[in-house]
Enquirer: 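Sharing a structure below in structure tokens format, with a few things to ask.
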Amino acid sequence: MAGHGQGRGQLPPVQQPAGPQAQVQLIFARNPARYSQQQPLNFGLKADVELYNKGMAPLAGDPYDGTNLRTFLIKVGEKARQYNWMPLLTFQNNKTLIKHYGEITLEEVKQAAVAYLAVQDRRSQNSDMMFQCLRESINDETHTKVANTPDDYTFEVNGETVEDGPCFLKAVIDATYTNTLTNTAVASQNLASLDAFVDNLPDSNVTELIKHVNENLKVLEAANETTHDLPINLFKGLRRCKDKAFKSWLGRRYDDYTQKKDPIPPDAKEFMKEVETYYKDRVKTGEWGKLDEDEERIIALRAELAAAKTSTKRDTRRRGDRTTRDNERKERWRTKAPKPNEPNTKRMSVNGTENTYHWCSNHKMWTVHKPSECKLRDDKNESKEGGKHEKQFKKALTLKVMNSLFEMSDNEEEQGADQQDSEPEGDEGSESSNRS
């Protein structure tokens with residue numbers, strides 16, 4: 001029986017021989033998307049349309065908002081491998097836009113796009129699938145940033161404007177990642193200060209430390225840079241972990257490393273796995289976090305210091321309250337009016353300074369000025385003539401009273417500052433009366 005022609009993008013037809021069933025040659029593919037990956041999609045066939053629609057579907061998870069590029073590129077890489085887009089994202093020296101985005105330039109990506117878009121084969125269809133997928137996988141803010149420079153990813157092909165997926169991906173990366181020395185400098189600094197990072201880790205979580213290290217290594221790798229001090233920096237950070245047994249083990253491991261008995265490669269990948277395994281085993285058995293004697297002593301001293309500070313603050317507050325009460329008690333005599341049979345003038349020694357005080361009926365207190373010299377009395381007389389200015393008068397009156405009080409006490413406080421806790425002489429002060 002003559003064989004039928006095979007349409008592009010279709011599974012090979014199964015022939016039905018008259019005799020025993022013929023052996024059908026199997027064409028292996030990891031998934032349906034890769035089955036006819038070298039053939040252009042035939043959009044007249046339902047299967048090819050479904051394949052295209054699945055390929056252009058957005059990436060799993062939330063839309064990319066420009067804050068976690070590494071996670072976004074991991075998702076892009078997974079889908080690119082599934083739909084055979086990786087050849088479009090691979091450039092000189094087998095470097096991919098997924099891992100070396102800081103090293104590959106936009107011009108390189110555009111030059112490659114011009115070549116395959118002109119041919120109009122399956123690569124052009126994959127490029128369009130990729131573009132539609134990425135466009136639906138970013139949020140509005142990120143899309144607006146990229147759309148401000150459409151020339152970065154659009155081309156004229158046979159009089160038609162088309163968008164290219166790889167160029168669009170590079171535009172998204174460039175819009176959300178500043179490819180400058182700042183990024184690599186920060187990553188290098190982070191790797192050089194792992195001790196400070198561990199100090200801020202709750203419970204000395206080694207898994208979080210390894211994750212932090214790998215994230216910064218990815219930043220360096222994207223810019224085609226590396227670090228040569230990673231093993232030393234790891235030891236410096238791991239020494240800050242608060243676990244007695246781990247520190248002892250790490251000390252022996254460090255001795256073997258420095259004496260070249262057990263070398264650690266510059267990338268320290270196996271060493272990090274070894275360290276994390278040790279950590280997880282101790283966590284699982286409930287032994288992680290046991291302190292050595294020095295650390296326990298430090299914690300105890302810190303607790304004692306904190307308690308001492310609290311006690312000192314409490315004692316200072318109590319002394320302050322007691323001083324305030326004493327001062328108030330010592331000053332009560334100033335506002336205690338004389339009885340009808342008592343003189344209106346007396347001598348008082350306050351804070352070591354003796355003065356003559358007069359009872360001022362205007363101020364309602366003992367003052368150094370005589371009642372006849374009181375200016376407050378004149379103000380009161382003037383206020384009777386101007387009743388309409390009563391509010392202004394009250395404010396001025398209050399101000400004058402305060403000024404008078406300050407005037408009386410300034411010299412006394414300065415001269416008697418060192419004797420502030422002493423009691424006035426006599427009953428409520430040293431007093432000699434001039435009876436009249």
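On a predicted model such as this, the values are computed, not experimentally measured, just so you know.
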Enquirer: Within a strict 4.5 Å, meaning less than it, do heavy atoms of the Thr226 and Pro266 side chains meet?
Expert: no
Enquirer: Using side-chain heavy atoms (C-beta onward) and a distance below 4.5 Å, is Arg239 in contact with Tyr254?
Expert: yes
Enquirer: Under a 3.5 Å distance rule, please check whether Arg334 uses its side chain to pair with a backbone N or O of Met365 as donor and acceptor.
Expert: no
Enquirer: Would you say that Ile104 contacts Val109 through its side chain, given a criterion of any heavy-atom pair below 4.5 Å between the two side chains?
Expert: yes
Enquirer: Is there a side-chain contact between Ser127 and Tyr116 in this structure, where contact means two heavy atoms from C-beta onward sitting under 4.5 Å apart?
Expert: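 Yes, at least one pair of side-chain atoms sits under 4.5 Å.
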Enquirer: Charged N to carboxylate O below 4.0 Å: is that the case for Arg253 and Glu274?
Expert: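 Looking at Glu274 together with Arg253, the answer is yes, because their closest N to O distance falls below 4.0 Å.
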Enquirer: Look at Arg70 together with Glu215 and state whether they make a salt bridge at an N to O cut-off of under 4.0 Å.
Expert: no
Enquirer: Shortest non-hydrogen contact from Pro63 to Asn139?
Expert: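 Residues Pro63 and Asn139, closest heavy atoms: CB-N, 3.8 Å.
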Enquirer: Any carboxylate oxygen within less than 4.0 angstrom of a Lys/Arg side-chain nitrogen, looking at Asp152 and Lys170?
Expert: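 No, Asp152 and Lys170 are not salt-bridged.
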Enquirer: Between Thr227 and Asp229, does any side-chain donor sit less than 3.5 Å from a side-chain acceptor?
Expert: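 Note: Thr227 and Asp229 side chains miss the donor-acceptor criterion.
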Enquirer: If you count every heavy atom of other residues, nucleotides or ligands that lies below 6.0 Å from Lys99 atom NZ, does the total exceed 12?
Expert: no
Enquirer: So, do Val206 and Val198 sit near enough that their side-chain heavy atoms are less than 4.5 Å apart?
Expert: no
Enquirer: Is the distance between the ring centroids of Phe235 and Tyr257 under 6.0 Å?
Expert: yes
Enquirer: Evaluate the side-chain proximity of Leu191 to Leu217: yes if any heavy-atom separation is below 4.5 Å, no if none is.
Expert: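 They are in side-chain contact.
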Enquirer: Would a 4.5 Å heavy-atom cut-off, applied to side chains only, mark Thr90 and Lys95 as touching?
Expert: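 Side-chain contact under 4.5 Å: no.
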Enquirer: Are Tyr52 and Tyr83 close enough that their ring centres sit under 6.0 Å apart?
Expert: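 Not close enough - the centres of the two rings lie 6.0 Å or further apart.
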Enquirer: If the plane angle is over 60° it's perpendicular, under 30° parallel, otherwise tilted; pick one for Phe131 and Tyr153.
Expert: parallel
Enquirer: Ion pair present between Lys280 and Glu276, side-chain N to carboxylate O less than 4.0 angstrom?
Expert: yes
Enquirer: Given side chains that start at C-beta, do those of Phe168 and Met130 come closer than 4.5 Å, heavy atoms only?
Expert: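 SC-SC contact between Phe168 and Met130 ruled out.
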Enquirer: Scan Val213, Asn216, Asp267 and name whichever one has a side-chain contact (heavy atoms from CB on, under 4.5 Å) with Leu230.
Expert: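 Of the listed residues Val213, Asn216, Asp267, the side-chain contact (heavy atoms from CB on, under 4.5 Å) partner of Leu230 is Val213.
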Enquirer: Measure across Phe43 and Asp48 and return the closest heavy-atom pair with its distance rounded to 0.1 Å.
Expert: CE2-O, 4.3 Å
Enquirer: Parallel, tilted or perpendicular: which describes the rings of Phe72 and Tyr64, with under 30° parallel and over 60° perpendicular?
Expert: parallel
Enquirer: Is it the case that the ring center of Phe246 lies less than 6.0 angstrom away from the ring center of Tyr279?
Expert: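 For Tyr279 and Phe246, the ring centres are not under 6.0 Å apart.
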Enquirer: Any Lys/Arg nitrogen of Glu78 or Lys75 sitting under 4.0 Å from an Asp/Glu carboxylate oxygen of the other?
Expert: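 Result for this pair is no, no salt bridge flagged.
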